[in-house]
Structure formats: C-alpha cells, structure tokens
Protein chains: 2
Amino acid sequence: MSSAPSTPSAVDRVVSQLRDDILGGRYRATDRLPSERELSEKLGVNRGAVREGLRTLAQLGIVEVGPGGAKACGIQQASLDIVAHLFDSDEVPDVAVVDQVMEVHAHLFSSCVRVAVLRGSDAQLARAREQLAALKDESLGALAHFDRLHEFVNTLVEASGNLVLQLIHRALALQFWQRLEASGEIPPPPLPDSVLAPLAQGLDEALAERDPQAAQGCFFDLVSAHREHAVRHLSSEQARNLRSQVSEHIGQLFRSAASTTLPTGRSR
Amino acid sequence: MSSAPSTPSAVDRVVSQLRDDILGGRYRATDRLPSERELSEKLGVNRGAVREGLRTLAQLGIVEVGPGGAKACGIQQASLDIVAHLFDSDEVPDVAVVDQVMEVHAHLFSSCVRVAVLRGSDAQLARAREQLAALKDESLGALAHFDRLHEFVNTLVEASGNLVLQLIHRALALQFWQRLEASGEIPPPPLPDSVLAPLAQGLDEALAERDPQAAQGCFFDLVSAHREHAVRHLSSEQARNLRSQVSEHIGQLFRSAASTTLPTGRSR
DNA sequence: CGCTAGTTTTGGTCTGACCAATTTGGTCTG
DNA sequence: CAGACCAAATTGGTCAGACCAAAACTAGCG
C-alpha cells in the first residue's frame, strides 16, 4: 500500500532505472551511456520518454547530455536534490549519508537559530517555543516526532528571514520525511526522553531570553543527539540487512570522503 | 561574445521563457499555466520541447505537472538550484539574494572550516593555507580573486569530508561564477587589501595552529567582509539601473522574508 | 604516423496520432 | 435555486516515424 503507484509512469521508470545504474556505479563518471534510441529499446519505452528522463537526470546533475551523446557525472557535481535519491534507491538509508546530512543540519540550522533569535519577531519565537513544547510533550512515534521537529525548525528558518536557508532546509528535510513515510517497515528510532528533555528545556529558555549564543549551542546539541541516535540505530540496522548495490557504491563514496564522522559510540 | 549561444535550443527557450514568467510573477503560485499544446503553439516549438522544458522546471521545483494541467509553485518549495536562475534571468544580481546567499555561506562554511580543522589531514590544511596565501598575495581582478576563494573553500570542504556540504557549496558557488563570468560588463567589486590582509592572516594562523574556534571565527569574518562589500557595491549598482521585472517580483519575495539582513553600513 | 574526407551515429526537433484521466459545462432532479 | 450527475471537450502521457545538423568514428591518403 502506501505510496506505491501501481503503474510508475514510463519516464519515471527511465529515471529510476538510470538513476540506480549511475548511483550504483554501473556507469562511472565520464562514462558514455547508451544512445537514446538504444535506451528506448532496452527499456521498452518511447524515445521521448527517454529524453524526458535524461533531462530530469541532467537537472539532477548526474548526467550530462549534449551533442555526441550523454555521459554520467560524479555525485560531487550533482544537485543537492540528489541526496533524496540516494535514499529511495536503497532499502536502508546509508549511515554515512544520514550522518552527513544531520551534521550539516546541526551546523547550519544552529546558526540559523542564532540569526532567528537576533532578527525574528516575538510572535515567531513564541510560535517556535510552542512547537518546541509540543515536541517534548508526548512520547509519540518517531515519525510524528520528526514531523514536529521539522515544523519547529521551519518556523525558525522563517524567523531567520533567509530564503536560501529555507530552500536548503526543505531539501534536507525532504530526505527524511520522504524516506520515513515511504518505508513504514523500518522501525522508526524512538528518542529517549531523558536526553531530549533537558536539551529542549535549555533551548526553550534560550529562546525565551533571546540568548543567541545559548540558543545556538542548545540547538546544536539537540540535533547532534538526534544524529548520534539515528546513526547508532542505523548502524545496527544496516549490519543486519545486506546492502543493495546502490548503497554499496555510494556508501563508499561518502565514506572515502569522510573520515570518522562521528564518535559513533560503537557500543560493545 | 562570451557564453552567448547563437541559437538557444528550443527547450532552452521554453525553460527560460517560462522560468522568467513564473519568477517574474506573471504566474502566481497554484496558478494553472497554459496547456502544453497552447504553449507549444505560443512559443513556436514542438510539444515535446514544451514537455521537456516543463519537466526541467518541475525538477527545479517551480512548476508541478500532473493530470489535468501544470501549475506554478512558489519559490519556497523550489530546489536550491533555482537561486542560479534568479541571477541569470536578471541583469544585476538582486542585493537581497546575494546577501542571503553569502549569509548562508558565512555561517555554513565557517562551521565547515571548524570541522575541517578537526578532521582534515595535514596535507589538506597545508594546501588550504597555500591557497589562502595565493588569495591575498596579488591584487588581481575580483573575478580571479573569487575563483581562488572558491578553490580555497572547496579544499576546506573536502577536508571536512562531508559530501552534502560539498553539494551545497557547489550549488551556492555556482551562482557567482556563472553570474560573474557571464557578465563581463558588470564591474567586479574589488576588495580593499587593508581589510582582507589581517583577516586572512588570522585565518592562516588559526589553520596552522589547528585552532577550530579561531579558524571558524576568522573565516566567518572574512566572508562577512566580502558580503558587506558586495552588498554595498550592488546597492549602488542597483540604484543606478532599473530593475527588470524578475528582480522586482523576486526581490520583493526575498525582502518580505528578510528583515534588515545586514547592518549595511549605510555609509553615506 | 598524422591528417583529412567520408560515413555512421547521435542528439535535437518536428508531425501527427491515440488513450486514459481530469476538467468542464450543461442538464436533470430534489 | 442548490446540488447531484452525466457527457463532451480538454489535457497530460505515450507512442511511432521521420528529418537535420553536428558530433563521432573510420578509412584512406600523404
């Protein structure tokens, strides 16, 4: 059930197929991929559909179409939006990807919180505090919890008055919601209230007193807690399941770039 | 000369035309735009070209195609990549856009520098320091200067080992290079060496001593200096030129979100 | 071996057509 | 008159086949 379209459109098929092939490493960077005619035949769709698919992938930044043929590109040249595709082309989100997304999230939006405290209106901050309270109130599922966290951050982003920031937040947040909503099978990681409560309270106070420094620090810690928690959860999860071909290739790319990204409490 | 394609491809025409229309406010959010057939006739291109263009715009996040028709979307739901389009659809980069991009740049990549100092290898940091030295060495054009700054930051991003960060940097940096290279007419803002030198030196020392805190702070100041300088330059520039229809609409959107974004030293 | 000329391939564009789903407009009913 | 309802027009989605110019490839020449 869920969001499973019975008939993925032809161009969607092209996109996902080619996307997986590229992300999976079957086409390396600068590799020329088959001609449109060949692809249309191989995938059983019209050439027009192939063209639309290629254009989509080009916009995503993983292929480059031009006279003489289309060639694959490395992820380093891709659009930020590619991160979402790194998820839905795999079963279990790769730990390294999640970790890096949340690292950026922690750094960027803690700065955002600082700006929001400095520039935001009283109404906006009050609204943020309400959402923060709602966040720690109930012990509901991690899905709803993430949703509320997203709304909370969104309010702060709006309060910061920076549209670019908003775009990045949307792009980053999308990954998780899309991922979590799509896969109800994955046990959403719950967050221990014992660690959340004090952080949330500290942040609340900082917002109330309009203390930029404290707010920034608290928010950073809050996200970092989520990050560490998620990474730990996914690590065990990923160890259980075999990784798909996509994750295998991409994960390596991420890992080759990153040294030890987190002191992942390799518990036991 | 420069990057002026004598014959913009048909689909490019569709994309730029529709993009300007939407960004210019001729189509507001949730507005249904003309049917593909109508557009193909009106723009004098094939429907296939219109479809490819629409798909591109959909990927950019400013239109949403579906059964029954395609409708425009607000920029708040768009991809980060549209920021580039905000520039090349206008003559002079809007001050608010540049300001917000550089604000994000300052915040995010100063954090990045911190991480790079913590995690980067000696070789990477050494390379960064070289690029930093090359940066302040000569008094060359602002174009080359920006280019070197970009390379410097890129090295630090790589040192941070965060691919997501790299993607954002690429997306943000692209705006300026693309913009500056495309328009040789705009006098590139020079940067007074008197303000750059001390900041660069401080950053250099921080990198040498692997002092995360200092490096982060110095880098933030460095970018902020660029930011303030650019904003001041563009303000006077923009006051001189009449703004195009795009900037008028988009600029409002950015400004409505942002309060006074910078203490733009209204040095009268 | 390098360079050029000819051939093939490939992307870019166009015409015209069909289907399924939505939208739309009007009609009929309560 | 309001609302349910049904049929026609519209629209996106897909397909087939074709043409052109530019790139890529190849063979032949110097």
Side-chain angles (χ1 to χ4, degrees), chain A residues 1 3-19 21-22 26-73 77-78, chain B residues 1-19 21-22 26-73 77:
Chain A
M1 67 206 72
S3 60
S6 50
T7 35
S9 94
V11 30
D12 282 343
R13 251 179 299 150
V14 175
V15 169
S16 55
Q17 176 67 55
L18 248 37
R19 181 225 312 122
D21 282 347
I22 295 176
R26 269 162 300 242
Y27 297 116
R28 312 291 279 275
T30 75
D31 274 359
R32 273 190 50 178
L33 39 87
S35 72
E36 297 178 353
R37 291 169 176 85
E38 199 171 337
L39 285 173
S40 84
E41 183 187 6
K42 201 163 300 186
L43 297 177
V45 299
N46 187 289
R47 186 165 156 231
V50 173
R51 295 203 101 247
E52 287 184 39
L54 283 178
R55 182 150 288 262
T56 299
L57 295 172
Q59 190 63 34
L60 263 178
I62 57 178
V63 308
E64 202 171 305
V65 302
K71 61 176 188 288
C73 300
Q77 278 77 40
Chain B
M1 65 204 73
S2 71
S3 61
S6 50
T7 34
S9 93
V11 27
D12 282 343
R13 249 179 301 150
V14 175
V15 170
S16 56
Q17 176 67 56
L18 248 39
R19 182 233 300 127
D21 281 347
I22 295 177
R26 270 164 299 249
Y27 297 116
R28 311 291 280 272
T30 74
D31 273 359
R32 273 191 47 178
L33 40 88
S35 72
E36 298 178 352
R37 291 169 176 85
E38 199 170 338
L39 285 173
S40 84
E41 183 187 7
K42 199 163 302 186
L43 297 177
V45 298
N46 187 294
R47 185 152 88 100
V50 172
R51 297 201 100 247
E52 288 184 38
L54 283 178
R55 182 152 286 264
T56 299
L57 295 172
Q59 190 62 34
L60 264 178
I62 56 177
V63 308
E64 202 171 308
V65 301
K71 60 176 186 287
C73 300
Q77 278 77 39

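- Closest to the side chain of B:S35, from the set C:dG12, C:dG11, D:dG12, is D:dG12.
- Put simply, CD on A:E41 is 15 Å from C1' on C:dT10, counting in whole angstrom units.
- Interatomic distance, CG of B:L60 versus CG of B:L18, reported as 11.5 Å (0.5 Å rounding).
- Base pairing analysis places D:dA18 opposite C:dT13; the two distances defining the Watson-Crick or G-U wobble pair are each below 3.5 Å.
- Rounding to the nearest 0.5 Å gives a distance of 12.0 Å between CD of A:E36 and CG of A:L43.
- Across A:A72 and A:R28, no two heavy atoms sit closer than the pair CB-O, 3.6 Å.
- Applying the Watson-Crick and G-U wobble criteria (two distances, each under 3.5 Å), C:dT7 pairs with D:dA24.
- Among the atoms of the strands shown, none is found under 4.0 Å from any heavy atom of B:G48.
- Contacts with DNA chain C (heavy atom under 4.0 Å) in residues 53-65 of chain A: none are found.
- Taking atom CD on A:E52 and atom C1' on D:dG12, their separation rounds to 10 Å, with Å as the unit.
- Look at CD on B:E36: it is 18 Å from P on C:dG16, rounded to the nearest Å.
- Atom CZ in B:R51 sits roughly 15 Å away from atom P in C:dC14 (whole-Å rounding).
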Whether each nucleotide of nucleotides 17-23 of chain D has a protein heavy atom under 4.0 Å at its base (B), only at its sugar-phosphate (S) or at neither (-) is summarised, 5' to 3', as -BB---S
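- Put simply, CZ on A:R51 and CG on A:N46 are 11.0 Å apart, with the number rounded to the nearest 0.5 Å.
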Apply side chain to side chain contact (heavy atoms under 4.5 Å, CB included) to B:R55 and A:V11, showing your working.
CA-CA 10 Å; B:R55 182 152 286 264; A:V11 30; 3.5 Å; yes
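- Counting heavy atoms of neighbouring residues, nucleotides and ligands inside a 6.0 Å radius, atom CD of A:E41 does not exceed 12 of them.
- Rounded to the nearest 0.5 Å, atoms CG (B:D21) and OH (B:Y27) are 5.5 Å apart.
- Distance from the side chain of B:R32 is smallest for C:dT24 among the nucleotides C:dT24, C:dG12, D:dC15.
- One distance of note links CG of B:L54 with CD of B:E52; it measures 10.5 Å at 0.5 Å rounding.
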CA sep, side-chain torsions, deciding dist, call: B:L33, B:L39, side chain to side chain contact (heavy atoms under 4.5 Å, CB included): CA-CA 9 Å; B:L33 40 88; B:L39 285 173; 4.2 Å; yes
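- Between B:E38 and A:A49, the residue anchored nearer the 5' end of DNA chain D, judged by the nucleotide with its closest heavy atom, is B:E38.
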